[in-house]
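In what follows, a structure is listed as structure tokens, so that the remarks can point back to it.
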Amino acid sequence: MEFQEFPMEVVEEKNDVHRILDIQIPTIDPFIFSFRNLTYEVKVGSSKSRFPCCGKKTNVKSLLNDISGGAKEGEVMAILGPSGSGKSTLIDALANRIDKHSLKGSITLNQGFKKGPRPRFRPRYSGFAAVRVTRDGRNSARDGCNHVEETLMFSSEFRLPRSVSKEKNKVRVQALIDQLGLRNAANTVIGDEGHRGISGGERRRVSIGIDIIHDPILLFLDKPTSGLDSTSAYKVVKDSSGSPINLHRFFDDFGHPIPGNANPCEYALDLVSELEETPSRTPDFSLIQQVMEGLRSSFVAAIAGLLPDFFLAFVMSIAIVCYFLFLCGFLVARDRLPRYWLWFHYISLMKYPYEGLLRNEFVPLKCFGKGAAILDRMEVEKLPTPLKDELLSSMGC
Ligand SMILES: Nc1ncnc2c1ncn2[C@@H]1O[C@H](COP(=O)(O)OP(=O)(O)O)[C@@H](O)[C@H]1O
Ligand SMILES: [Mg+2]
């Protein structure tokens, strides 16, 4: 065992027996991998331009749109999303596997790669275990005829520097076999579509072993657990990860706590889909509000200009605004207004922002209760339901 010498300093001398020592243990900066504003667009086909002189126009598809993130040494960053949302594209971009001219943004390791827009990771820095699933649900074998140990040995000779002796390679492979829980399968052939070999979960772990044999700083795994049963999936994740991610805390901070009995990952995916499906109406609502605000000011200014007396203009403005408020639908529903007042309802400058607000807040929501249930919390609770319905409809609900 090697001992490192740390600088020491006597801070305080109490007596001859006890001394307080200030030992300065050097701290080693952890690796920090980060990516900023990754944007990736591809050209997809071309269509005829509407203007003949302009020839064909090329369509551009955005695969990554301003993506940022990062992970510290020892952390696992999981990318969740529905199929086709760009997870594989992001992993390919981070692992430097896509055309560097069309990827914008920066990828840095310890802020070290400052020259170009993104670094060229040397194989020693990163490992990429792309697990491709074949038709029978297995991931592609590297070489189906080899044994697990042979495969890892070959990979270690290929990936570790030549200066590392064969004995050291062997020790590393044996340690990895134990670490990945592959001891029982060490001398079994990997197998492929035509030949029975190790199980699907073991294959994934061999795949990971091949890519971590040189102890890379970064390991990219694309769908490492797809097609595996829960126990094998757990083992694969355990082998490739440190501590579990605190999803609960993240969602609490995000304002959408995960319900006690829900699966955190499924809840996260549902929430993302829900947020994606809900179109943001806020800009429309803000626009209506701005327009109506301007109209209201102009309306009051017009009355002030038309009437000679300031006080009269003041009273008239307030009276008309009161009518606007009364007939806009907030206090009395439109269907309950006498027909001869309907025109005032439509010219009310408060009708439109009010309806905009209602749509903004309530249109995406579904109602799971019946109106009569509202009355169950009141004194009329004991009335028969048809009577409650009648009561509600007479109130215009
Ligand atoms: N080279 C490409 N040209 C055009 N479209 C692509 C290309 N690569 C990926 N896509 C599209 O980008 C989307 C995201 O793909 P992918 O990253 O594989 O999704 P995921 O891994 O999340 O299922 C898909 O709709 C896919 O069809
Ligand atoms: Mg994918």
Side-chain angles (χ1 to χ4, degrees), residues 33-49 56-71 76-107 117-118 120-121 126-142 200-201 203-208 210-212 216 218-230 232-234 236-237 239-241 245 247 250-251 263-279:
F33 174 67
S34 62
F35 49 96
R36 296 261 164 276
N37 314 108
L38 289 189
T39 300
Y40 177 47
E41 290 177 344
V42 286
K43 289 177 186 150
V44 281
S46 53
S47 56
K48 252 190 179 175
S49 169
K56 284 186 173 181
K57 71 171 182 195
T58 314
N59 297 323
V60 173
K61 184 175 178 184
S62 172
L63 301 187
L64 300 176
N65 186 9
D66 205 16
I67 310 285
S68 300
V76 174
M77 183 174 63
I79 303 167
L80 300 177
S83 177
S85 56
K87 303 178 296 293
S88 299
T89 310
L90 177 59
I91 293 179
D92 282 348
L94 297 178
N96 202 18
R97 288 161 58 97
I98 57 176
D99 178 25
K100 65 175 179 181
H101 298 296
S102 36
L103 182 71
K104 293 187 189 115
S106 68
I107 305 172
R118 66 203 186 103
R120 280 247 152 232
F121 289 124
S126 63
F128 187 97
V131 182
R132 304 202 189 286
V133 182
T134 54
R135 249 178 286 160
D136 66 348
R138 298 168 172 206
N139 61 314
S140 63
R142 304 269 172 148
R203 250 162 207 264
R204 300 282 159 99
R205 280 179 275 154
V206 172
S207 248
I208 291 172
I210 290 168
D211 287 297
I212 63 172
L218 298 161
L219 178 65
F220 300 103
L221 298 169
D222 193 359
K223 286 195 190 164
T225 59
S226 67
L228 296 185
D229 60 90
S230 54
S232 309
Y234 176 74
V236 167
V237 172
D239 292 338
S240 51
S241 69
I245 307 158
L247 274 176
F250 173 79
F251 279 95
N263 177 320
C265 291
E266 280 173 12
Y267 177 80
L269 287 178
D270 286 348
L271 186 66
V272 169
S273 309
E274 201 179 295
L275 292 176
E276 271 182 358
E277 277 167 17
T278 310

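Every number for a ligand or one of its atoms is a count from 1 in the order of the listing. All residue numbers in this chain count up from 1 along the given sequence.
- What you find for Ile98 and Thr89 is that their closest heavy atoms are CD1-O, 4.4 Å.
- For the atom pair CZ (Phe35) and OG (Ser106), the distance works out to 10.5 Å, reported to the nearest 0.5 Å.
- With Leu221 as the fixed residue, the side-chain contact (heavy atoms from CB on, under 4.5 Å) test singles out one of Ile91, Ile208, Val76, Asp211: Ile208.
- Among all protein heavy atoms, the one lying closest to atom 18 (O) of ligand 1 is Ser88 CB, 3.7 Å.
- In this structure, the protein non-hydrogen atom closest to atom 5 (N) of ligand 1 is Lys61 NZ, 3.8 Å.
- Taking 4.0 Å as the cut-off, Ser85 counts as a neighbour of ligand 1 on heavy-atom distance.
- Atom-to-atom distance recorded for Lys104:NZ and Leu64:CG is 11.5 Å, nearest 0.5 angstrom.
- For ligand 1, the atoms closer than 4.0 angstrom to any heavy atom of Val42 are 3 (N), 4 (C).
- The line from CG of Leu94 to CD1 of Ile79 is 6.0 Å long, rounded to the nearest 0.5 Å.
- For ligand 1, one of its N or O atoms has an N or O atom of Gly86 under 3.5 Å away.
- Contact annotation for Thr89 and ligand 1: heavy atoms of both the backbone and the side chain come within less than 4.0 Å of the ligand.
- Distance check, rounded to the nearest 0.5 Å: CZ of Arg205 to CD1 of Ile210 gives 13.5 Å.
- Neither the backbone nor the side chain of Leu90 has any atom closer than 4.0 Å to an atom of ligand 1 (non-hydrogen atoms only).
- Distances from atom 23 (O) of ligand 1 to the heavy atoms of Gly84, Ala93, Ser62 show the closest one on Gly84.
- Inclusion of Ser88 in the first shell of the Mg ion (ligand 2) is supported: an N, O or S atom falls under 2.8 Å.
- Thr39 OG1 to Asn65 CG: the interatomic distance, rounded to the nearest 0.5 Å, is 6.0 Å.
- Near Val44, the atoms of ligand 1 lying under 4.0 angstrom from a non-hydrogen atom of the residue are 4 (C).
- The distance from atom CG of Leu103 to atom OH of Tyr40, rounded to the nearest 0.5 Å, is 8.0 Å.
- Leu63 CD1, 3.7 Å is the protein heavy atom nearest to atom 9 (C) of ligand 1.
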